[in-house]
Number of protein chains: 2
Amino acid sequence: MSNFEALFDYIQEISGKLLSADDKHLLMEYFKPKKLRKRQYFLQEGDVCKYIGFIVKGSARTFTVDEKGHEHILKLSLENWWLADFESFYLLTPSRFNIEALEDLEVLQSTNAQIEEYLKHIPAFSAMANVISQNYTIANQKRVQAAMSYTAEERYEDLISNYPQFLQRFPQNMIASYLGLSPETLSRLKKNSFK
Amino acid sequence: MSNFEALFDYIQEISGKLLSADDKHLLMEYFKPKKLRKRQYFLQEGDVCKYIGFIVKGSARTFTVDEKGHEHILKLSLENWWLADFESFYLLTPSRFNIEALEDLEVLQSTNAQIEEYLKHIPAFSAMANVISQNYTIANQKRVQAAMSYTAEERYEDLISNYPQFLQRFPQNMIASYLGLSPETLSRLKKNSFK
DNA sequence: ATCTTGAATTGACTTATATCAAGCGCACTT
DNA sequence: AAGTGCGCTTGATATAAGTCAATTCAAGAT
């Protein structure tokens with residue numbers, strides 16, 4: 001049986017509210033543990049993203065493949081993050097993204113309909129959702145700004161200060177793709193910044 | 001007196017719910033009409049963004065100035081859009097952005113504390129907030145992806161299909177900055193796409 | 001222990017975009 | 001009507017980053 005404590009702790013910490021015993025039972029009833037081996041897909045391009053996953057253990061990448069066959073990583077995800085293509089999840093449209101486990105992955109997953117129930121019935125859950133929504137808005141605003149106006153080197157330094165754990169957990173070519181760079185460029189950039 | 005009907009219509013349309021007479025009175029009580037002349041600032045870098053504005057008429061740009069003195073436009077805004085630096089508005093931190101009227105601007109503005117009240121007491125408002133939050137998440141996800149993996153030309157074509165009204169309302173150098181391009185590059189890019 | 005695979009590095013070269021500079025044309029002032 | 005400022009275009013050149021190719025190295029497979 002999977003570790004619901006991680007989810008409970010997360011909800012309580014982010015929301016600043018406590019979960020009742022009933023709340024916890026409700027969460028355990030509809031969040032389903034799911035395990036993926038490294039390289040397995042949580043979501044495939046073209047499918048509707050029916051589930052949102054809370055990462056208990058492991059890591060994943062969200063990426064597209066362009067016409068030239070090049071992969072572009074949009075998001076790298078670790079423990080205590082939510083995993084989904086929100087566009088597809090909210091609108092029920094086929095996803096343009098793939099989500100792949102980069103390490104063996106344990107998630108707790110739920111459907112949109114069940115999330116709606118949690119929002120209605122669990123105050124801590126709904127408070128958490130509001131905080132997350134704010135955080136996402138802020139983080140995305142920053143990321144758009146960085147992508148548009150920073151140089152490659154500035155974006156890399158930004159990553160180091162905001163997500164230092166990425167350097168330990170993800171191979172450098174994944175980091176490069178996440179930053180919108182070729183692996184060669186990131187390699188050279190690191191060498192030069194030692195000066 | 002400013003046009004609250006635009007705000008009422010917007011809330012009802014986005015939320016799919018009706019506003020009661022009481023709801024409308026509450027909104028009129030705490031949303032304050034504010035007019036800015038072209039080139040005036042709704043927000044200055046370094047100030048806390050105390051107000052969120054709903055644009056009734058006019059347009060604005062949200063931009064930063066980098067160390068070299070170059071401006072980077074993060075957002076272009078038109079009628080029926082919300083105007084704020086959400087990071088500063090939510091966290092009450094000094095903003096890194098400027099928001100400037102590009103045309104004479106009429107907004108209805110409110111503080112974070114009042115927005116919280118609306119979320120509690122007006123169901124249509126809170127439903128609207130959820131939809132907007134979803135839309136923002138989706139739009140930002142797309143924009144990040146575009147910035148990272150599209151060429152300048154693809155980003156321009158993306159803009160044409162998503163926001164065709166921008167071409168009518170904003171000068172080309174603003175569009176270029178919004179796309180993360182120099183004005184010269186956008187000019188050349190347009191010429192070449194006529195082939 | 002050897003073989004294979006893929007990541008990281010490095011070098012040479014190409015391409016996209018920025019920068020700098022000049023000129024044009026339109027709109028607003030006076 | 002002439003003058004001024006500003007946005008847009010165009011040309012020449014510089015720079016950042018991408019592409020292609022070769023080499024090294026470490027990790028996993030047999």
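Every chain is numbered from 1 and lettered A, B, ... according to where its sequence line falls, protein lines coming before strand lines. Every heavy atom of this structure was used, including side-chain atoms; hydrogens, water molecules and symmetry mates were not.
Counting to the nearest Å, the P atom of C:dC26 and the CD atom of B:Gln172 are 15 Å from each other. Taking atom CG on B:Leu186 and atom C1' on D:dG7, their separation rounds to 12 Å, with Å as the unit. Nucleotide D:dG28 holds its C1' atom 12 Å from the CZ atom of A:Arg39, rounded to whole Å. Here D:dA17 presents its P atom at 15 Å from OH of A:Tyr156, a figure rounded to the nearest Å. Between B:Ile175 atom CD1 and D:dT9 atom C1' the separation is 17 Å, expressed in whole Å. We find that CD of B:Glu71 is positioned 11 Å from P of D:dG7, with the value rounded to whole Å. Rounding to whole angstrom units, CG of residue A:Leu189 and P of C:dT9 are separated by 11 Å. Atom CE in A:Met174 sits roughly 12 Å away from atom P in C:dG6 (whole-Å rounding).
B:Ser187 has a side-chain polar atom (N or O) that falls below the 4.0 Å cut-off from OP1 or OP2 of D:dT9. For B:Thr185, a side-chain nitrogen or oxygen approaches OP1 or OP2 of C:dA18 to under 4.0 Å. Between A:Asn173 and C:dA8 there is a side-chain polar atom (N or O) within less than 4.0 angstrom of OP1 or OP2. Close to D:dT10, at under 4.0 Å from its OP1 or OP2, lies a side-chain N or O of B:Lys191.
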Verify side chain to side chain donor-acceptor pair (under 3.5 Å) between A:Asp85 and B:Gln141, making sure each step is shown before the conclusion.
-> CA-CA 9 Å; A:Asp85 168 13; B:Gln141 180 172 286; 2.9 Å; yes
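Nearest nucleotide to the side chain of A:Arg188, out of C:dA7, D:dG11, C:dA12: C:dA12. In this structure, of D:dG18, D:dA17, C:dT19, it is C:dT19 that holds the atom nearest to the side chain of B:Ser182.
The local environment of CD in B:Glu154 is crowded, with over 12 non-hydrogen atoms from other residues, nucleotides or ligands closer than 6.0 Å.
Taking a 4.0 Å limit (strictly below) on heavy-atom distances, residues 164-171 of chain A reaches DNA chain C at A:Pro171.
With A:Ser187 contributing its side chain and A:Pro183 its backbone, the two residues share no donor-acceptor pair below 3.5 Å.
Taking the centre and axis of the six-membered ring of A:Tyr163, the NZ or CZ atom of A:Arg143 falls outside the cone set by 45° and 6.0 Å.
Using a 4.5 Å heavy-atom cutoff, the side chains of B:Met174 and B:Ile73 are in contact. Contact check for B:Phe89 versus A:Gln134: no side-chain heavy atoms found under the 4.5 Å cut-off.
The distance from the CZ atom of A:Phe170 to the OG atom of A:Ser177 is 12.0 Å, given to the nearest 0.5 Å.
For A:Glu184 against D:dC20, a side-chain-to-base donor-acceptor contact under 3.5 Å is present.
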